[in-house]
Each structure stands twice: as structure tokens, then as C-alpha cells.
Amino acid sequence: MGPNMRSQHPGLPQPNHSQPPFHSHVKAPGSLGSSFPHGQPPLPSQLPPQPLYQCTENKELQERIKALEQQLSSGTIVKESSSPQQDALDEYTEELKKKVQYQEIENEKLKLEHASKQREAALEAALAEKEFAEEECRKKVDEAKKREASLENDLENMWVLVAKLKKEGGSYS
């Protein structure tokens with residue numbers, strides 16, 4: 001692969017609409033690049049993570065860039081002298097690449113936001129469950145204290161009655 005070639009993310013769908021030819025003097029942004037030599041695919045452990053959300057436009061842009069890079073690597077695209085059309089094409093190509101990068105970043109943000117919301121919802125559910133269990137325990141403790149107080153009162157009354165009966169029993173004897 002030449003210095004202008006960049007590896008595509010495997011697993012990303014590719015577009016199939018026609019575009020003007022890609023010119024070899026256009027440099028792709030570094031974030032789309034690959035450090036693998038020509039013909040050597042990345043190892044599965046080195047593949048980038050798949051975005052959770054991928055839009056059709058992103059897929060089409062990725063496919064078009066891949067097709068242009070394949071044409072460039074096979075030498076079917078001839079470098080032409082700079083012209084207004086070529087400059088416009090170069091600018092369009094750069095815009096496409098920036099759009100793909102932007103979409104990938106947005107997809108990753110959405111993925112992270114979704115995971116964060118799921119985690120937050122799970123924590124809120126666990127907290128609500130804990131608070132409910134604590135409230136139930138508090139109610140049981142309060143009821144037990146009331147029963148204890150009632151039983152102590154009944155015991156106190158029984159001692160009073162026992163003392164009264166002893167006193168009355170002593171006067172009859």
C-alpha cells in the first residue's frame with residue numbers, strides 16, 4: 001500500500017453509487033490509515049470496535065472510498081495535472097472522508113450514551129429496590145417495638161393484679 005492508501009474498517013457496509021474517479025495525490029486523514037503492509041490484513045484482535053448505530057450514508061461513503069482506494073492500488077487511476085474539476089473532486093473526496101469520520105464519531109457517542117443510560121437505569125432500579133426493602137424493614141421494626149411496648153404494659157398490669165390478689169388473699173386468711 002502506498003502512503004495515500006488507507007485501510008477500511010472490515011464489517012462496515014460499502015456504498016455502490018457512482019462517483020468521480022479518485023486521484024492519487026489526495027491524502028486521506030491519518031485516522032483512516034492502517035499500519036499494515038500491502039496485502040496483510042489486520043489480526044482479529046486489532047480490528048476496531050463495530051459502531052452500534054450505522055447509517056446508510058456512512059455505509060455508502062465507506063464503500064466508495066474502498067473502491068477508490070482499490071482503483072488507486074491497482075494503478076487504474078492516472079494522476080492528472082491540477083484542474084478546477086480535479087480540485088473540486090479532491091475537495092469532494094476530502095469532504096466524504098470527513099463525513100465518514102464524523103459519522104463514526106457520532107455513532108460511537110450514541111453507543112456510549114446508550115450504554116450509560118442503560119447502566120444508569122439499572123442503578124436506579126437497584127436503588128429503588130434497596131429503598132423499598134429498607135422501608136419494609138423499618139415498618140417491621142416499628143411494629144415489633146409497638147408489640148414489645150404492649151407486652152411490657154400487659155406484664156406490668158399483670159404484676160399489679162398479682163400484687164392486688166396477694167394483698168386481698170392475705171386479708172382473707
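All figures in this text were calculated on a predicted structure; none of them were measured in a lab. If you read the sequence from its start, that first residue is 1, and numbering goes on from there.
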Enquirer: Can you list every side chain to side chain donor-acceptor pair (under 3.5 Å) pair that touches residues 140-158, not counting sequence neighbours?
Expert: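 Sorted pair list comes back empty.
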Enquirer: Roughly how far, to the nearest 0.5 Å, is the CG atom of L127 from the CD atom of E120?
Expert: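 The distance works out to 11.5 Å.
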Enquirer: Just wondering, more than 12 heavy atoms not from E136 lying within 6.0 Å of its CD?
Expert: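 It does: E136 CD has more than 12 such atoms within range.
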Enquirer: To the nearest 0.5 Å, tell me how far I105 CD1 sits from Q101 CD.
Expert: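 Separation between the atoms: 6.5 Å.
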Enquirer: Under the rule for salt bridge (charged side-chain N to carboxylate O under 4.0 Å, His left out), what residues qualify as partners of E95, not counting sequence neighbours?
Expert: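 Expected list: none.
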Enquirer: Give, for atom CD of E91 and atom OG1 of T93, the distance between the pair rounded to the nearest 0.5 Å.
Expert: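 Those atoms lie 10.0 Å apart.
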Enquirer: Quick one: list whatever passes salt bridge (charged side-chain N to carboxylate O under 4.0 Å, His left out) with K117, sequence neighbours left out.
Expert: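 Testing K117 for salt bridge (charged side-chain N to carboxylate O under 4.0 Å, His left out), a comparison that skips the adjacent residues, returns E113.
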Enquirer: OH of Y92 to NZ of K97: how many Å apart, nearest 0.5 Å?
Expert: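 Atom-to-atom, Y92:OH and K97:NZ are 12.5 Å apart.
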Enquirer: Can you tell me how far apart CG (L161) and CD (E168) are? Round to the nearest 0.5 Å.
Expert: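 It is 9.5 Å, given to the nearest 0.5 Å.
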Enquirer: At what distance, to the nearest 0.5 angstrom, does CG of N107 lie from CD of E104?
Expert: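 Here the interatomic distance stands at 7.5 Å.
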Enquirer: Does CD belonging to E134 count more than 12 external heavy atoms closer than 6.0 Å?
Expert: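 Count over threshold, so yes.
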